[in-house]
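Below: one structure, written as structure tokens.
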Amino acid sequence: MSSDDVLMANAGELLLWPWTGILATTTADANAVTTLAAHAHQRFAGITTTALQEEAPNHRLNFLVIHFGKSWSGLRYAMSLAFHFTAAGRRDWQQQHGEGVFGWAAGEDDLLGDGTVARFLREAGVRARSVEDVEKEESSIATVLGAAVGEYERRAKELQAKHEEKVLLANKVEEESSWINGELKEFRKLSDNVIPEMNRGIHEENEKFKIELDAVSREIESRVERIQELKDGRTQLHRSKVQKLAFEINSLDMAGREPKTNQEHERLKKSYFDLKKREWLNKDVFQEHRKELVKGFEGMMSDGHNVIGIKRMGQLDEKPFHHACKRKFRDDDPVGNAKRLVSSWQEELKKTSWHPFITILVDGEDKDVVDEDDPKLRQLQAEYGDNVCNAVKVALVELNEHSPRGRDVVNELWNFREARKATMSEVVKYIFEQLKASS
């Protein structure tokens with residue numbers, strides 16, 4: 001605001017804000033409102049106005065309220081009314097109510113009383129304020145806005161710096177991705193050449209070994225039958241000749257055939273055990289390959305949605321515990337109770353002294369099955385239900401099969417689609433499918 005504007009308003013004078021001007025006339029002329037509007041338009045074209053009328057004895061009071069707004073130019077317009085209507089301001093109007101047009105800048109006095117103008121101004125929400133007060137407020141607002149602009153500029157610089165940092169990071173990631181893709185292609189190329197050859201060699205060796213083992217087994221069975229026949233002295237000769245030949249057969253056996261038979265028997269036993277040793281060695285190699293694949297899959301997430309992945313054999317399924325505790329401890333920390341229950345039973349499973357199994361005969365072979373009458377299991381079932389008890393039984397069976405001595409949780413390659421152990425061929429096939437999908 002300029003010094004000229006300040007001089008226009010008396011120090012401490014309370015004007016109406018937003019800045020407001022008032023034109024008034026006393027006349028019985030029906031066109032009085034139009035006359036006031038013409039005066040306003042002549043000097044303040046485009047500014048909003050409101051026409052008001054008030055009935056008085058023997059005449060009618062006509063007013064035109066001019067809304068100059070909150071700007072400093074609006075204050076200048078309001079203060080200029082006194083110059084346009086010299087000696088015809090608010091004071092003259094209040095004293096004379098004479099003919100002609102009176103004009104003035106609306107002040108605190110115009111808010112008082114029950115007249116039409118006063119009621120309108122109060123309803124419009126205008127306030128009586130000094131110019132100095134408005135100037136201080138706008139100065140304070142300007143300071144706040146300046147601080148906000150400064151903070152905005154600071155944040156903008158920070159965001160720009162973060163954006164540039166992310167761009168650099170994205171470029172770096174893109175470069176590393178290119179390198180990884182290149183390495184992956186090389187690995188895929190190597191896998192396409194080496195792994196099929198390895199599998200082919202292992203398969204051919206296993207097939208060859210199987211054929212040899214089957215052949216030797218058949219030969220052993222055949223020769224054992226022949227040896228048994230020789231030892232039993234079985235013959236198709238007539239019984240009358242058996243006694244005569246028995247001495248000769250026994251003599252031959254004692255003289256040479258029995259040692260020969262025993263020597264052949266020992267040779268066949270040695271061949272058989274050599275083949276069994278080769279079988280055990282092949283199984284050891286196979287298990288080593290399987291362990292390496294398990295290690296590779298341990299870094300991958302197996303949530304049951306993957307076809308092939310790692311299953312923690314002997315680890316409790318926690319879902320039944322949470323459902324049971326939610327029912328049993330609805331208002332008493334069901335999540336915490338479930339976690340403690342799972343932890344307690346996982347430790348219980350590790351105790352080798354607890355062996356809730358019985359042995360039954362299945363298809364001619366002994367098989368361990370969970371003892372349904374075990375006291376601990378029956379108590380668990382009574383307190384938490386079938387689902388929790390079944391989860392413990394499943395973990396028991398898995399530990400008894402995969403880690404019977406230490407009762408430790410074991411990672412196993414698992415076919416989640418068919419709920420069983422995954423074969424080596426399934427695992428290799430799945431690896432190649434993933435490699436193809438990522439290319």
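What you see is a predicted model, and the numbers here were worked out from it, not measured in a lab. What's counted below: heavy atoms across the whole structure, side chains too, no hydrogens, waters or symmetry copies.
Shown here are the ring pair (Phe, Tyr, Trp, His ring centres under 6.0 Å) partners of Phe120, two or more places apart in sequence or in another chain: there are none. Scored by the salt bridge (charged side-chain N to carboxylate O under 4.0 Å, His left out) test, Asp114 finds no partners at all (sequence neighbours excluded). Applying the side chain to side chain contact (heavy atoms under 4.5 Å, CB included) rule to Ala40 yields the partners Leu23, Thr49, Leu64, Ile66; only residues at least two apart in sequence or on another chain are considered. For His355, the ring pair (Phe, Tyr, Trp, His ring centres under 6.0 Å) partners two or more places apart in sequence, or in a different chain, are Phe357. Among residues two or more places apart in sequence or in another chain, the side chain to side chain contact (heavy atoms under 4.5 Å, CB included) test is passed with Ser425 by Thr423. In this structure, the side-chain hydrogen bond (donor to acceptor under 3.5 Å, both in side chains) partners of Arg129, at least two apart in sequence or on a different chain, are Asp133, Glu137. Every residue meeting the side chain to side chain contact (heavy atoms under 4.5 Å, CB included) condition with Ala106, not counting sequence neighbours, appears here in chain and number order: Leu16, Thr20, Ile22, Asp110. For the side chain to side chain contact (heavy atoms under 4.5 Å, CB included) test, no residue two or more places apart in sequence or in another chain qualifies with Asp363.
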| field | Trace of the side chain to side chain contact (heavy atoms under 4.5 Å, CB included) decision for Trp19 with Val134 | value | CA-CA 11 Å; Trp19 314 120; Val134 175; 3.9 Å; yes
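Not a single donor-acceptor pair under 3.5 Å links the side chain of Arg127 to the backbone N or O of Trp17.
Applying the side chain to side chain donor-acceptor pair (under 3.5 Å) test to pairs two or more places apart or on separate chains, none has a residue in residues 317-336. The stretch residues 384-404 participates, sequence neighbours left out, in these side chain to side chain donor-acceptor pair (under 3.5 Å) pairs: Lys311-Glu398, Glu372-Lys393, Gln381-Asp386. Judged as a salt bridge (charged side-chain N to carboxylate O under 4.0 Å, His left out), the pairs with a partner in residues 420-429 (not counting sequence neighbours) are, in order, Glu412-Lys421, Glu418-Arg420, Arg420-Glu426.
With rounding to the nearest 0.5 Å, the separation of NE2 in His67 from CZ in Phe44 is 13.5 Å.
Between Arg378 and Asp373 there is a salt bridge, with a side-chain nitrogen of the basic residue lying less than 4.0 Å from a carboxylate oxygen of the acidic one.
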Can I get a per-line list of side-chain donor-acceptor pairs under 3.5 Å for residues 341-348, giving both atom names and the distance, sequence neighbours left out?
residue : atom : partner : partner atom : Å
Gln346  : OE1  : Leu316  : N            : 3.1
Gln346  : NE2  : Gly314  : O            : 3.0
Glu348  : OE1  : Lys351  : NZ           : 3.3
Glu348  : OE2  : Lys376  : NZ           : 2.3

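Atom CZ of Arg122 has more than 12 heavy atoms from other residues, nucleotides or ligands within 6.0 Å.
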